[in-house]
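See structure below.
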Amino acid sequence: MADAPHLKQGVGLISVIALGLGLAVGVSIFSVIAPATALAGPAMLLAVALAAVPMFIIAVTYAFMGSALPTAGASYEWPRRFLSPATGFMIAWLRIAGSVGAMLILALVLTRYVSMLVPVPTKATMLGVFVLIFGLNLWGVAIAARVQTVLMAGLIVLFFVFAGWGAPSVQPESFTPFMSEGWAGVLAATPVLIGLFFGIEAATEVGDEVRNSRRAIPIGVAASIVSAMILYLMVAAVALGVLGPEALAASETPVLDAAAVFMGDDIARPVIVLAAVLAIGKSLNALAMVFSRYLFAMARAGALPASLARVHPRFQTPHIALAVAFGLCVLGLLAPMNLTALFLAVNVPTLLKYGATCLSATRIAQHHPEIHAQAAFRPSRRFVAIWGWLGVVASVVVVLLGLTADWRPYVALTVWGLIGAAWYLVRGRFGVGPDSRSAS
């Protein structure tokens with residue numbers, strides 16, 4: 001359409017990488033290596049690499065899709081177009097709950113880390129974080145992307161300081177016996193660690209705003225997942241080598257406890273708190289950007305009120321979508337802060353999104369050779385189809401594994417999904433239904 005809302009292209013390749021790392025390298029690295037070590041012992045390091053495998057499969061598919069069809073709100077637009085409008089809507093609708101949950105988790109953990117240095121009120125501080133993050137994203141994608149790059153650079157520097165300072169204190173005996181819990185322990189730890197890589201594909205969600213997107217997105221996705229795995233293995237190996245598997249498994253703050261051994265608590269506490277604030281801050285920034293863009297995409301397609309597709313005349317950002325995302329996060333502050341339930345509420349919609357995108361890629365490979373041909377990153381159509389099905393299977397398996405942890409978030413997401421289905425049907429019945437645009 002000639003008058004379709006237009007978003008400014010202010011995201012370059014470095015920002016694409018920083019955006020992917022921004023969502024992936026967040027709160028998990030500061031906590032998840034402890035329970036993973038309890039399950040797998042020193043072979044937790046092997047489980048980190050294994051956890052990257054399903055995300056690598058999914059990332060390859062995202063690299064292809066982002067290269068072939070870069071667009072805002074990609075995880076909504078692709079299933080809407082190549083599976084069905086209803087599928088695209090439900091995936092994105094469930095992600096609304098997941099995104100609010102993720103924002104709450106990140107803001108809560110950031111507040112707790114800040115409280116290690118300065119006592120602050122929890123809910124008021126979380127509100128202030130939301131105001132800062134959404135305000136930053138309102139001012140423009142280029143500004144938000146530059147902040148993301150600066151935060152990511154600062155975090156990488158601190159991780160290398162941690163690894164370099166701690167390396168002389170590593171005890172080789174901490175790594176033996178390496179397979180102390182056997183393959184059963186490694187396989188049990190793998191689904192715990194897969195969340196380390198969630199969000200690696202984030203740049204595909206702002207495809208309309210990426211310069212030279214058909215080239216930048218596949219390169220950025222590949223660089224993000226490789227960089228994330230290197231950073232995780234580096235930090236985890238030093239923490240394991242310094243503390244040993246028993247102490248690491250029992251630690252509630254493993255990175256901080258390891259740093260205290262070789263830095264001393266007086267230095268370690270402010271350094272690790274700063275690293276945590278940088279990690280969580282950039283994850284919040286990246287998530288706010290992605291959250292608002294798929295609300296924008298849903299409104300642009302007619303699945304949500306058209307006002308959410310408005311673009312600010314000065315900043316060229318989806319200001320109404322940003323305001324709605326902010327409002328939902330503020331409402332979320334009224335909910336109890338149960339981290340286990342919140343993590344599952346985030347992970348399940350994310351995995352369903354991955355599965356739907358991979359299935360969309362198989363449809364392109366089978367039925368749309370012209371779209372396949374326009375991709376800058378272009379594996380064979382047969383490869384795309386097989387790889388896409390592998391991604392679907394990987395997503396479903398991990399969703400089912402989550403049931404063993406807590407079934408209640410699944411019930412809550414089902415209720416939220418039924419509300420979305422009712423909205424979808426009512427909108428359609430009154431002639432303003434989702435997907436008023438062509439799906440061709």
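Keep in mind that what you see is a predicted model, and the values were worked out from it rather than measured.
The distance from atom CG of L284 to atom CG of L136, rounded to the nearest 0.5 Å, is 11.0 Å.
Under the side chain to side chain contact (heavy atoms under 4.5 Å, CB included) criterion, A237 pairs with L45, not counting sequence neighbours. With sequence neighbours excluded, the residues that form a side chain to side chain contact (heavy atoms under 4.5 Å, CB included) with A47 are V186, A189, T190, L193. Among residues two or more places apart in sequence or in another chain, the side chain to side chain contact (heavy atoms under 4.5 Å, CB included) test is passed with V330 by L127, F326. Residues that satisfy the side-chain hydrogen bond (donor to acceptor under 3.5 Å, both in side chains) test with H368, not counting sequence neighbours, are E370. For V157, the side chain to side chain contact (heavy atoms under 4.5 Å, CB included) partners at least two apart in sequence or on another chain are V161. With sequence neighbours excluded, the residues satisfying side-chain hydrogen bond (donor to acceptor under 3.5 Å, both in side chains) with T253 are D257. Under the side-chain hydrogen bond (donor to acceptor under 3.5 Å, both in side chains) criterion, S360 pairs with no residue at all, not counting sequence neighbours. Under the ring-ring contact (aromatic ring centres under 6.0 Å, His included) criterion, F175 pairs with no residue at all, not counting sequence neighbours. With sequence neighbours excluded, the residues that form a side-chain hydrogen bond (donor to acceptor under 3.5 Å, both in side chains) with S84 are T87.
Looking at every heavy atom in both residues, V384 comes nearest to T362 through O-CG2, 4.5 Å. Taking all atoms of both residues into account, the shortest heavy-atom contact from W423 to P305 is CZ2-CD, 3.9 Å. Closest approach of S395 to L351, counting heavy atoms only: CB-O, 3.4 Å. The two residues A163 and M234 make their nearest non-hydrogen contact at CB-CG, 3.5 Å. E77 and A301 make their closest contact through OE2-CB, 4.5 Å (heavy atoms, listed as atom of the first residue, atom of the second, distance). Residues I96 and W416 share a closest heavy-atom pair of CG2-CZ2, 3.9 Å.
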- Task: For the pair L308 and M298, evaluate side chain to side chain contact (heavy atoms under 4.5 Å, CB included) and give the outcome as yes or no after the intermediate values.
- Result: CA-CA 8 Å; L308 273 75; M298 293 174 75; over 6 Å; no
- Task: Could you walk me through whether M126 and L333 pass the side chain to side chain contact (heavy atoms under 4.5 Å, CB included) test, one step at a time?
- Result: CA-CA 8 Å; M126 291 172 69; L333 292 173; 3.6 Å; yes
- Task: I would like to know whether Y294 and Y76 meet ring pair (Phe, Tyr, Trp, His ring centres under 6.0 Å); could you show each step before the answer?
- Result: CA-CA 6 Å; Y294 70 74; Y76 165 69; 8.5 Å; no
- Could you please spell out the steps behind the side chain to side chain contact (heavy atoms under 4.5 Å, CB included) verdict for L46 and M179? CA-CA 9 Å; L46 176 59; M179 297 288 288; 4.2 Å; yes
- Task: Show your working on side chain to side chain contact (heavy atoms under 4.5 Å, CB included) between Q374 and L69 and close with a plain yes or no.
- Result: CA-CA 9 Å; Q374 71 188 19; L69 288 169; 3.7 Å; yes
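Of the candidates Y354, F56, Y232, Y232 is the only one forming a ring-ring contact (aromatic ring centres under 6.0 Å, His included) with F197.
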Check residues 385-394 and write down every donor-acceptor pair under 3.5 Å in which the side-chain atom is one partner and the other belongs to a residue at least two apart or another chain.
unit_1 : atom_1 : unit_2 : atom_2 : d
W387   : NE1    : I57    : O      : 3.1

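Around atom CZ of F160, no more than 12 heavy atoms belonging to other residues, nucleotides or ligands sit under 6.0 Å away.
Counting only distance, with no hydrogens or angles, the side chain of Y424 and the backbone of A86 share a donor-acceptor pair below 3.5 Å. For T317 (side chain) and L138 (main-chain N/O), a donor-acceptor pair under 3.5 Å exists by modelled atom type.
Aromatic pair H372/F64: ring centres closer than 6.0 Å.
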